[in-house]
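From a predicted model like this one, the values you see are computed outputs, not experimental measurements. Residue numbers begin at 1 in each chain, while the letters A, B, ... track the order of the sequences.
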Amino acid sequence: MADTDRAASMDKIVALCKRKGFIFQNSEIYGGQNGFWDYGPLGVELKRNVREAWWRDMVTLHDPLDAPAGAPAPFQMVGVETSIIMHPQVWKASGHYDLFVDKMVDCRECKGRFRQDHMASIPCPNKPSKMAGEHDACQLTEPRDFNLMFKTIIGALGTEEDAAFLRPETAQGMFTNFQNIVDSSRVKVPFGVAQVGKSFRNEITPRNFTFRSREFEQMEMEFFCPPDQSREWYEYWRDRRYNWYVNLGIESDNLILRDHESDELSHYSVGTADVEYQFPFLPEGEYGELEGVAHRGDFDLRSHMEGKLVKDENGCLVVEKDENGQPRHRGSGRDLTYFDDTAFERDKESLGVKSFKAYCEQRSGENDPGAPYRYIPHVIEPAAGADRATLAFLCEAYFEDEQPDEKGKLQSRTVMRFHPRLAPVKVAVLPLIKKGGMPEKAKELFHNLKTAGIVCQYDEQSAIGRRYRRQDEIGTPWCVTIDGQTVDEDNTVTLRDRDTLEQVRLPTDEVVDEVSRRLRSS
RNA sequence: GCGGGUGUAACUCAGUGGUAGAGUGUCAGCUUCCCAAGCUGAAUGUCGCGGGUUCGACUCCCGUCACCCGCUCCA
C-alpha cells in the first residue's frame, strides 16, 4: 500500500471512530485539547476488552502450579492498583525527576527551541554551517526547565514546597510495594506483579491520533526473578508478549519484535525488545511501539534502597553523589533484598551449614557473602500501552470489501474485523421484519443474552441488509435473525457470521450457549 | 517549538462580501421474509474560537485553538 493510501485509510479510521462512537477528541466543544482523547460508548467496551484480555492472560488464567509453555519454571502472579500521585522522592530516586527535567533554550531570532545538552550538535536553522547559538545573529534565552512530568500541588494551601507529580509510568508503584507484596501474599521469587492504570507525560509533540497522548493507560508487569535466571525470563516474556497480540488477531506482517541495539538501551537495561505495529499513519515499513519488554536488572529496587543510580566510568551502577559526597537523591534506606529460603533449604545440606547465618559467616571474606541466596531480584518489565494496543486493534480490524446487495450488485462494505473477544458488541438480535410476532420473539432472546452477561444490541430499524452493515461497521461478530420460520414453524433462528456472511440455523434456546461457546473458543 | 496545509450538519464535501446547501447517516410513518431496497416526512449548523476592517464577514485581515504533513522531540 502506498503511503498516501495508508494516510487515507488512517483518516477513514479516525472518521469511523468518531462517527460510531469509539474515540472522541477531549473537550471538543471547546476546541479540543492537544494530546487528550475520550472513549465513546463503543470505544470504552473495546478498551475494556483489551484490558481484560491482558489481565486474564497475565493474572486470572495464570496457573502458578505448572510452568506455562516455554517458561523456565512455574511462577506466581499477583495484581496491584497503586496511586497516581506518589511521594516526590520516588521520582528523584528512580531517575525520572532528573531525566524528565530538560533544560531548553529558545532562540528569539530563528524561533528554534533546543535542548541545552544537545545544542552543540544541532545546526543553527538560519546558518546550518554553524551550530545552534553560535551564529552571530542568535539571540538565546536563558535555559528554562521543561518538565515532562505533570506537576501538581498537594494541599489546598500548597506551595512549591508541596509540589508532586502525576506518575509518568505505573511501574514505580510495584517497586515501592515490593516488600509489602512479598510480606502479605506468600509469593516467592520468581513472581510477577501486574498493574493497569493511567500515566501522564507532558509530551512536547502529541501526535498521530491516540498514539502519543499526554494522558494514557499502561498495562505493566514487573517480574522479579533470581539474577542468574533473568536472561531466560527476559526471553520468555519477550516472546510471550509478542504472541499475545498475534493471538488477538494482529497479522504478523504488521507486527514485529525488535531487539534494541546496545546504544539504544536505557542506562539501566541489559536488554530491551519492542513489540511494534505498522500503523497506517507511519510510512510503509515503519513501525510504532506497542510495548517495551525490558530487562532492568536490579536497577529499580536498588534505586529505592540506595538512591538515584548512575553508571560510573566502568559502566557499573553507583549512587550518584552531590558536591558534598552525599547521595544526590537518597533512596528509602529500606532493605529490599530477597532471601530465597527455598533454594537455601534445598542446598544447605550439601553446603554443610545449619543456618543461613552460618553460611554467611563461612563466606565472610566474599564480596557478597549471602549470594546466591540473598539477592536483589532482577526485573523483567513488559510495559504495554493500552491505548496503543486499542488503536492497533482498531487499525488492524478495518477492512473494506465488496458484497452483493439484494439485487446482486456489488456494494462496498466497511467491516471491523475485531477478534470476537475484543469486539465491543458480541451479538445483534434482529427481527427480520417489524411484525408477525418477530419483534416479540427477538426481544425475548435479547433479554436472555443480556441476562447471560453478553454485550448485545437489539435493532428492528430499517431493512435487514442495512442492519447487517451497521453491525459490520462496529465489528459485531454475529447477528441473530428471527424470521417467519422462528415464529410459525420450529423456533429456530439464523446466526450470521460477520466475516464469511454464512448463516447457520439453530434453536433459539441454544443461542446463548452457542455464543458463549464461540467466545470461549475464539 | 518551527515551516506548510486544513477547519462549513454526525460523516464526506460544495458554496458566495448581503447571516448557508448536497450526498450519506440519523429519526418517524408506510412497505419489506435475509445482506447499504422503495415511497413520504422530519430534525440538526451562532460556517473551529476571539478580535478587527466594513452599512454588512462563512467569505478580507490579525490573533488563537485543533487536526494533517515535514523538521525537532520521543525516558
| Selected nucleotide, minimal atom distance to Thr481(A) side chain, candidates rC34(B), rC11(B), rC2(B) | rC34(B)

| said: Which residue is it: Met221(A), Glu222(A), Gln218(A)? I am looking for the one with a side chain to side chain contact (heavy atoms under 4.5 Å, CB included) to Thr170(A). | reply: Gln218(A)

| said: Using a 4.0 Å heavy-atom cut-off, does Phe209(A) contact any base of the nucleic acid, only the sugar-phosphate backbone, or nothing at all? | reply: sugar-phosphate

| Contact class for Asp497(A) vs. all strands (heavy atom < 4.0 Å): base, sugar-phosphate, or nothing? | nothing

| remark: From NZ of Lys18(A) across to P of rG25(B) the rounded distance in Å is 18 Å

| said: Does Arg469(A) contact rA36(B) through a side-chain donor or acceptor facing the base, at a distance under 3.5 Å? | reply: yes

| query | Taking the six-membered ring of Tyr468(A), is the NZ or CZ of Arg496(A) close enough (under 6.0 Å from the centre) and on axis enough (within 45°)? | reply | yes

| said: Just the rounded figure in Å: distance from P of rC33(B) to CZ of Arg466(A). | reply: 17 Å

| request: Looking only at side-chain atoms of Asn34(A), point me to the closest of rU32(B), rG1(B), rA66(B). | output: rA66(B)

| request: Measure the distance from NZ on Lys434(A) to C1' on rC34(B) and round it to the nearest whole Å. | output: 17 Å

| field | Ring-ring centroid check Phe211(A) Phe209(A), cutoff 6.0 Å | value | no

| query | Does Tyr468(A) get its side chain close enough to the base of rC34(B), under 3.5 Å, for a donor-acceptor pair? | reply | yes

| Any donor-acceptor pair under 3.5 Å joining the side chain of Arg496(A) to the base of rC34(B)? | no

| field | Which nucleotide in rC71(B), rC11(B), rA28(B) has an atom nearest any side-chain atom of Gln461(A) | value | rA28(B)

| request: For Ile433(A) and rU31(B), give me the distance from atom CD1 to atom C1', rounded to whole Å. | output: 10 Å

| task | Answer yes or no: side-chain N or O of Gln503(A) and base N or O of rC34(B) forming a donor-acceptor pair under 3.5 Å. | result | yes

| task | Using a 4.0 Å heavy-atom cut-off across all strands, classify Ser462(A) as base, sugar-phosphate, or nothing. | result | nothing

| task | Could you tell me whether Glu28(A) contacts a base, only the sugar-phosphate backbone, or nothing, with contacts defined as non-hydrogen atoms closer than 4.0 Å? | result | nothing

| said: Donor-acceptor pair, distance only, cut-off 3.5 Å: does the side chain of Ser27(A) make one with the backbone of Gly32(A)? | reply: no

